[in-house]
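Read the numbers this way: they start at 1 and go in the same order the structure lists the ligands and their atoms. Small disclaimer: the values here were computed from a predicted structure and weren't measured.
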Amino acid sequence: MRIVQKFGGTSVGSLERIGKTADLVAAELAQGNQVAVVVSAMSGETNRLTSMAHEICAQPAARELDALVATGEQVSAALLAIELQNRGIAAYSYSGGQAGFVTDSKHERARIKDIEGDHLLTRLQAGEVPVVTGFQGVDEQGNVTTLGRGGSDTSAVALAIAVEADVCDIYTDVDGIYTTDPRIVPKARKIERIAYEEMLEFASLGAKVLQTRSVELAMRYNMPLHLRSSFEPVAGTMVVQEDDSMERATISGVAYNRDEAKITIMGIPDQPGIAANVFGPVAGAGINVDVIVQNVSEQGYTDITFTVPTGDYQQTMDIMRRLCKQMDARDVKGDDSVAKVSVVGVGMRSHSGVAKDMFDILAREGVNIQMITTSEIKITVVIDEKYIELAVRTLHSAFGLDAEDS
Ligand code: ADP
Ligand code: ASP
Ligand code: MG
């Protein structure tokens, strides 16, 4: 088999952990498999580097931030290659650029355009172990770029596709994908197999166990992902195409995201094109808008409320204040202490009443719902951030997801 193994921050967080990671690489080689490795920075390193830059100034240039944080992955790739070589394994580290990852030029949120994978494929076929830095590439001008937080997952999946691997193993600090984040709900249950589509919703709604883009890529190319622990040798969770062996529960999981801020622009003259006017400049600034609600117009005026990531809150508020004047709207209000909680499940397609149940459960706990959005397989509500843990725990339990034995 040809395998891409990705190791997250905790799996390369110390020399001792790098040793254990090398054991996992060696074990696959001993089975006769070809192995390429993708590594994250040592845990905490990306944050450490970013905060150093912010000590110098509030808004360091994105190009320099990328050059800075990309070093984190280079350290762990080189250390793991040294560890493997020390065991007589022909392993060589490659930066994103050296490995042929070409991205667009959107610093801090670049997208992979192409991987020139032939070179690495030749090395793999020669029995070598390429150890590639996750999270980074170079743009067409040769600038170092990074793929957004958690981006090493995407590097690993893209590499797996480029070298036509049989599976992409994502090693992390949990032994699988759970019905919700096990850090806040100890009763969360491990899911054995999950469909790409469901995982995609789960990730994009805040389950940070896999970067959303990595699931999108895996789904498009049908690359099986195996999310597993680098601490315990147990089977993890397979992320694959939907099949009959999957559980058919109505709700498969609960996801949450604290990283949300809510903005309302009020009293906009209601004419064709207003939504485009409001969201055009936001999109132009590269900001992702999430939940959107537009009210029914009253006497020719309407309100639009939407959410953006907390980090983009101030910039979006500035844009909206400018627009408010230009469009002759009444006012702009913002709140950066909201959060989003969602229930997800492909089973929802064939069950009605889930939304009502969700609203009842939250109402019983006194949690006020500020915004609602649904798709075929998810229901999302925006609530006050201080209720997030209560909401996740209560929904998890009320929808029958709690593990029986804990
Ligand atoms: P890595 O550094 O290995 O990429 P991450 O911190 O990015 O690790 O992802 C693993 C973490 O994801 C877990 O420690 C867990 O707290 C969190 N997580 C959030 N939602 C889930 C979920 N549904 N199942 C498993 N882990 C989850
Ligand atoms: N080191 C980067 C981060 O902390 C990328 C990753 O770990 O996937 O976000
Ligand atoms: Mg991660």
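Remark: Arg17 qualifies as a cation-pi partner of Phe231 under the 6.0 Å distance and 45° angle criteria applied to the six-membered ring.
Considering backbone and side-chain atoms alike, Glu73 places an N or O below 3.5 Å from some N or O of ligand 2. Inclusion of Asp181 in the set of residues having an N or O under 3.5 Å from an N or O of ligand 1 is warranted. Of the polar atoms of Asp153, none of the N or O atoms is found under 3.5 Å from an N or O of ligand 1, judged by distance alone. Polar contact with ligand 1: present for Gly9 (N/O pair, distance under 3.5 Å). Residue-to-ligand polar distances keep Lys6 apart from ligand 2: every N/O pair is separated by 3.5 Å or more. The N/O atoms of Thr179, backbone and side chain alike, include none that comes under 3.5 Å of an N/O atom in ligand 1.
In this model, a donor atom of one side chain and an acceptor atom of the other lie less than 3.5 Å apart for Ser152 and Ser40. With 3.5 Å as the limit, one finds no donor-acceptor pair spanning the side chains of Asp139 and Thr103. Between the side chains of Asp153 and Ser155, no donor-acceptor pair of N or O atoms lies under 3.5 Å. Thr310 and Asp259 share a side-chain donor-acceptor pair at under 3.5 Å.
Distance alone, capped at 3.5 Å, places no donor-acceptor pair between the Asp312 side chain and the Ile287 backbone. Under the 3.5 Å distance criterion, the side-chain polar atoms of Lys190 are matched with a main-chain donor or acceptor of Asp175. The closest donor-acceptor contact from the side chain of Asn33 to the backbone of Met1 lies under 3.5 Å.
For atom 25 (C) of ligand 1, the closest non-hydrogen atom of the protein is Gly176 O, 3.4 Å. For atom 6 (O) of ligand 1, the closest non-hydrogen atom of the protein is Arg183 NH2, 4.1 Å. The nearest heavy-atom contact from the protein to atom 7 (O) of ligand 1 is Lys208 O, 3.6 Å. In terms of protein heavy-atom proximity, atom 27 (C) of ligand 1 is nearest to Val209 CB, 3.6 Å. Looking only at protein heavy atoms, the nearest one to atom 7 (O) of ligand 2 is Ser40 OG, 3.1 Å. At the shortest separation from atom 4 (O) of ligand 2 among protein heavy atoms lies Arg149 NH2, 2.9 Å. Closest to atom 6 (C) of ligand 2 among all protein heavy atoms lies Ser152 OG, 3.3 Å. Atom 13 (C) of ligand 1 has its closest protein heavy atom at Asp173 OD1, 3.5 Å.
Under the 4.0 Å criterion applied to side-chain N and carboxylate O atoms, Arg189 and Glu404 are not assigned as salt-bridge partners. Ionic pairing of Asp318 and Arg322 is not present here: no N-O contact between side-chain nitrogen and carboxylate oxygen is shorter than 4.0 angstrom. Using a cut-off of 4.0 Å between Lys/Arg side-chain N and Asp/Glu carboxylate O, Asp118 and Arg123 are scored as not salt-bridged. The existence of a salt bridge linking Glu192 and Arg228 is excluded, since no basic side-chain nitrogen approaches an acidic carboxylate oxygen closer than 4.0 Å.
Taking 4.0 Å as the cut-off, Gly151 counts as a neighbour of ligand 2 on heavy-atom distance. Residue Gln211 places no heavy atom under 4.0 Å from ligand 2. Look at Gly150 and you'll find a heavy atom under 4.0 Å from some atom of ligand 2.
Remark: aromatic rings of Phe279 and Phe306 are close, center separation under 6.0 Å.
Residue contacts with ligand 1 for Ile170 are absent, since no atom lies close enough (heavy atoms, distance under 4.0 Å).
Results of the side chain to side chain contact (heavy atoms under 4.5 Å, CB included) test with Val157 over Thr154, Leu159, Ile161 single out Ile161 as the only residue that passes.
For ligand 1, the atoms lying closer than 4.0 Å to a non-hydrogen atom of Tyr178 are 22 (C), 23 (N), 24 (N), 25 (C). Interface of Lys6 with ligand 1, defined as ligand atoms under 4.0 Å from a residue heavy atom, comprises 4 (O). Of all atoms in ligand 1, numbered sequentially from 1 with element shown, those under 4.0 Å from a heavy atom of Thr172 are 1 (P), 3 (O), 8 (O), 9 (O), 10 (C). With ligand atoms numbered from 1 in the order given, ligand 1 contributes 23 (N) to contacts under 4.0 Å with heavy atoms of Phe202. Contact atoms of ligand 1 toward Pro182: 24 (N), 25 (C), 26 (N), 27 (C) (distance under 4.0 Å to a heavy atom of the residue).
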